[in-house]
Amino acid sequence: MANLPIVQFEEQIIKTVEDNPITVIIGETGSGKSTQLSQILHRRGYTKSGVIGVTQPRRVAAVSVARRVAQELGVQLGDEVGYAIRFEDRTSDLTRIKYLTDGVLLRESLSNPELNQYSVIILDEAHERSLNTDILLGLMKRLIKLRASNLKVLITSATLDGEKVSQFFSECPVLNVPGKLYPVEILYSRERPTSYLESSLKTAIDIHVREPEGDVLIFMTGQDDIEKLVRKLEEKVQSLEEGSCLDAIVLPLHGSLPPEQQVRVFCPPPSNCRRFVVSTNIAETSLTIDGVVYVIDCGYVKQRQYNPSTGMYSLDVVQISKVQANQRAGRAGRTRPGKCYRLYPSRVYQEEFLDVTVPEIQRSSLAGSVLYLKSLDLPDIDILNFDFVDPPSSESLEDALKQLYLIDAIDADGSISSLGQSMAELPLEPSLSRTLMEANENGCLSQALTVAAMLSAETSLLPAQRSVHVSRSNEKKRKHTSLELPDGSGWGDHIQLLQIFEQWDQNDYDIGWCKDNDLRVRGMKFVKDVRKQLCQIMQKVAKGSLDVRSSERDKESQRDYKTLRKALCVGYASMLAEKMIQHNGYRTIGFKHQLVQVHPSSALKTDDYGMYPNYVVYHELIATPRPYMRNVCAVEMKWVIPVLKKLEKLNINKLSGGRSIREGNDGKHLNLSEKEKPSVTEAPDDRENRIQAARDRFLARKGKK
DNA sequence: GAGCACTGC
């Protein structure tokens, strides 16, 4: 530890921190900032008046860094040095240095907005600009004024981003700490390749044939490309003349690989053998592979983005930022000097790449974050002018407000309701928090807890690995349509998820049962943990009774899940769709009408006439590139009516506090135009009849054929 | 009738 660069800067760091409430530390990889900053401040007495909290964007990082610091200080983990991540709090009264995920710190600040426990807060890896980090940056700016006398804030960032953060904090001082990286030679392509798959293949083989030993890390955008490139590389390598170069092994690396395959990249290769690791972004920050000397960077990344004007998510391949390009290059210089092959010209890097990655806050639906900030009830803060490093668009904030209004989390004037206050306590998207609150009122809380927990883990339930050996029947199993797994009784995906968990419960949470049904054991265990946590929070939040087992046991509601589906309809009031009359497509109800379809993987069933239900709620809209509703649940028209009424009354002007959201907005998006107003205003009975008539006509035509 | 970057409370 003594040879870590940061230790030489101890005096300078201490002096700056003493003189300033906020300090930005720019430290490259290997500077030791994550492990040493806290120890330096601890040595200098900053733990006498409180705890030093160090946030990390990722759980594994919080745990591993805490473990290392405990070791360096020669203390038991959980005593003077501890960590707190979701489901796991390894701290005690003794703890002076506490590593935690930024999400956990946000939760803590919900019950103690001044974070009085802490004398120092270090936001580590702030350049990654996670949604949570950005919210914390805003909160710190405010907190530092409240606690000027007894709180120090340190923010660590990468080179290209430090100045911006410093400006945000009124030109606070910036300290540079060099990293301990070996030099990495950057080699650009002359042209942008027509196919970066072919181009990386060629570059990889060139390296293999010409360069001395050292592993090669190749950044690709997704599983598909990775699998293709792995195959091609293996073929090419085998076709090379034996003895003409090193042996080689090719390994894929991405998030949906089973853990046992992921760890293969950490096993050192046999001697005289070069490894090629073909990876997604996961190797950029989350996983560090030793022995990498060459990096091939395609210059792209797959990124999920939210479009507030349509309410739709899309997964796009986009150009990386300079910060990301440098981070990728840095992966080549961890053990000795390396080389980075950029499959794009230097001009593209200079002129086209953004300096920093578009922060997550500008790419996400903000309903949850806005509710969170409103629930803090900060006296001097107006949510829509909240001071973000990079503010989200006013359109995105308005979208969040409308959603929150429709689910009763905020009143017509934009102030948080007591219901919203309770919802904010739950670590869930607002739609699901609202569903829980409603379910608790109507006696189906137990089911709703399960649905919410299952949806929290949804993507990690199914093994995503597509092996060549997977037969068609297996392929089907993955989609929950195997005979053994329930089908949601036709009501849709929420109900199916509920039934799956109930079945697991009936099988005493047997691991073998998960495996037999192709469900990921880790995912299902996660669901169990989430459900337990939600149950505990509901116990605390729901004043009075908590009705976990009651009327849902009666047979009537068990068969059609009516109370649960009704609760879902209340929770997903901002995510409703009505079926088109002529066909099985849907139109979203709300501020904008989108034409969407039920995702083909859905468990939602058509009736005897091949028709989908007239109304559904959906968990999300995804453009892939065709617009689909993912995770849908059938609801009844009479439950939808109150939402439509509420939509008519909606006034975004009042919601956003009676004025334009930001200066210069000139009120552009502030009023719903006539066109945007909900169109479904007929009396319910008329509409039902009309739909029935249309269905009859449709069937009559079909019959003639 | 089709597609899964990565985190996290």
Side-chain angles (χ1 to χ4, degrees), chain A residues 55-62 84-89 100-111 125 128-136 219-227 253-257 262 279-287 298 300-305 313-318 320 324 357 359-360 363-364 368-369 371-372 423-430 432-433 452-453 456-466 475-476 478-479 481 526 529-530 533-534 536-537 584-585 597-602 604 606 612 620 622-630:
Chain A
T55 70
Q56 295 289 331
R58 280 171 294 281
R59 294 162 58 93
V60 271
I85 57 179
R86 189 179 190 181
F87 307 134
E88 209 182 337
D89 185 352
L100 66 173
T101 48
D102 39 25
V104 169
L105 188 63
L106 281 177
R107 287 287 141 193
E108 286 184 3
S109 104
L110 206 51
S111 50
E125 317 288 3
E128 288 186 24
R129 303 297 302 278
S130 76
L131 181 55
N132 287 340
T133 308
D134 267 26
I135 293 172
L136 280 172
F219 283 103
M220 299 297 286
T221 57
Q223 189 177 346
D224 257 1
D225 286 351
I226 288 172
E227 281 167 8
L253 179 62
H254 51 83
S256 39
L257 278 182
Q262 265 187 32
S279 172
T280 58
N281 238 14
I282 198 169
E284 199 177 287
T285 48
S286 304
L287 297 178
C298 73
Y300 290 95
V301 67
K302 218 177 253 183
Q303 219 170 49
R304 188 176 146 99
Q305 11 223 16
Y313 280 96
S314 58
L315 200 58
D316 307 317
V317 173
V318 299
I320 58 173
Q324 278 180 295
T357 316
E360 206 185 338
R363 297 186 274 119
S364 319
S369 301
L371 180 62
Y372 171 84
M423 285 164 56
E425 298 273 332
L426 292 156
L428 290 172
E429 291 137 83
L432 290 172
S433 320
S456 301
E458 207 254 339
T459 52
S460 56
L461 293 182
L462 309 169
Q465 201 204 352
R466 287 165 304 179
E475 192 72 8
K476 274 199 163 172
R478 280 201 310 128
K479 277 138 209 166
T481 47
F526 177 77
D529 284 339
V530 174
Q533 187 190 33
L534 295 177
Q536 284 165 351
I537 298 173
N584 261 341
Q597 306 241 298
V598 175
H599 197 276
S601 68
S602 175
L604 186 73
T606 53
Y612 274 134
E620 69 173 3
I622 177 112
T624 61
R626 271 195 273 177
Y628 286 110
M629 299 182 282
R630 272 199 10 199

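The two atoms that bring A/T221 and A/T280 nearest to each other are O-CG2, 4.1 Å, heavy atoms only. Across all their heavy atoms, A/P427 and A/I537 have their closest contact at CD-CD1, 3.4 Å.
Counting only heavy atoms from C-beta on, A/P600 has its side chain closest to B/dG1 among B/dC9, B/dG1, B/dA5. Closest approach to the A/S286 side chain among B/dA5, B/dC9, B/dT7 is made by B/dT7 (side chain taken as heavy atoms from C-beta onward). Comparing B/dA2, B/dC9, B/dT7 by their closest approach to the side chain of A/I282 singles out B/dT7. Of all nucleotides listed (B/dC9, B/dG3, B/dA5), B/dG3 comes nearest to the side chain of A/T624. For A/Q223, taking side-chain heavy atoms from C-beta onward, the closest of the listed nucleotides B/dC9, B/dA5, B/dG1 is B/dA5. Comparing B/dC9, B/dA5, B/dG8 against the side chain of A/L315 picks out B/dA5 as the nearest.
Looking at heavy-atom distances under 4.0 Å, A/L106 makes no contact with the nucleic acid at all. Residue contacts shown for A/V301 are absent, as no nucleic acid heavy atom lies under 4.0 Å away. Residue A/S130 is out of contact with every strand shown, counting any heavy-atom pair closer than 4.0 Å. Nucleic acid contact class of A/H599 (heavy atoms, under 4.0 Å, all strands): none.
Across A/Q56, A/R58, A/E360, a single residue satisfies side chain to side chain contact (heavy atoms under 4.5 Å, CB included) together with A/E128, and that is A/R58.
Atoms CD and CZ, on A/E88 and A/R86 in that order, are 13.0 Å from each other to the nearest 0.5 Å.
Both A/R304 and A/D102 lie near DNA chain B, and the one whose nearest nucleotide falls closer to the 5' end is A/R304. Toward the 5' end of DNA chain B, the nearer of the two residues A/E429 and A/T221, judged by each one's closest nucleotide, is A/T221.
At the phosphate of B/dC9, neither OP1 nor OP2 sits under 4.0 Å from any side-chain N or O atom of A/Y372. An OP1 or OP2 oxygen of B/dG1 is reached within less than 4.0 angstrom by no side-chain nitrogen or oxygen of A/S601. The side chain of A/R59 places an N or O atom within less than 4.0 Å of a non-bridging phosphate oxygen (OP1 or OP2) of B/dC9. OP1 or OP2 of B/dC6 lies within a sub-4.0 Å distance of a side-chain N or O belonging to A/T280. Using a 4.0 Å cut-off, no side-chain N or O of A/R58 falls inside it from OP1 or OP2 of B/dG8.
A straight line from NZ of A/K302 to P of B/dT7 spans 15 Å, rounded to a whole angstrom. Atom CG of A/L604 and atom P of B/dG1 are 15 Å apart (whole Å). Going from atom CD of A/E125 over to atom C1' of B/dG8 covers 15 Å, rounded to whole Å. We find that CG of A/L131 is positioned 14 Å from P of B/dG8, with the value rounded to whole Å. Rounded to whole Å, atom C1' of B/dG8 lies 14 Å from atom CG of A/D134. Between the CD atom of A/E620 and the P atom of B/dC4 there is a distance of 11 Å, rounded to whole Å. Atoms CG (A/L426) and C1' (B/dG8) sit 16 Å apart, rounded to a whole Å. Atoms CG (A/L534) and P (B/dC9) sit 13 Å apart, rounded to a whole Å.
Under the 4.5 Å side-chain criterion, counting only non-hydrogen atoms from C-beta, A/Q303 is not in contact with A/D316. The side-chain heavy atoms of A/L253 and A/I282, taken from C-beta on, include a pair separated by under 4.5 Å.
B/dC4 takes the syn form, because its glycosidic angle lies no more than 90° either side of 0.
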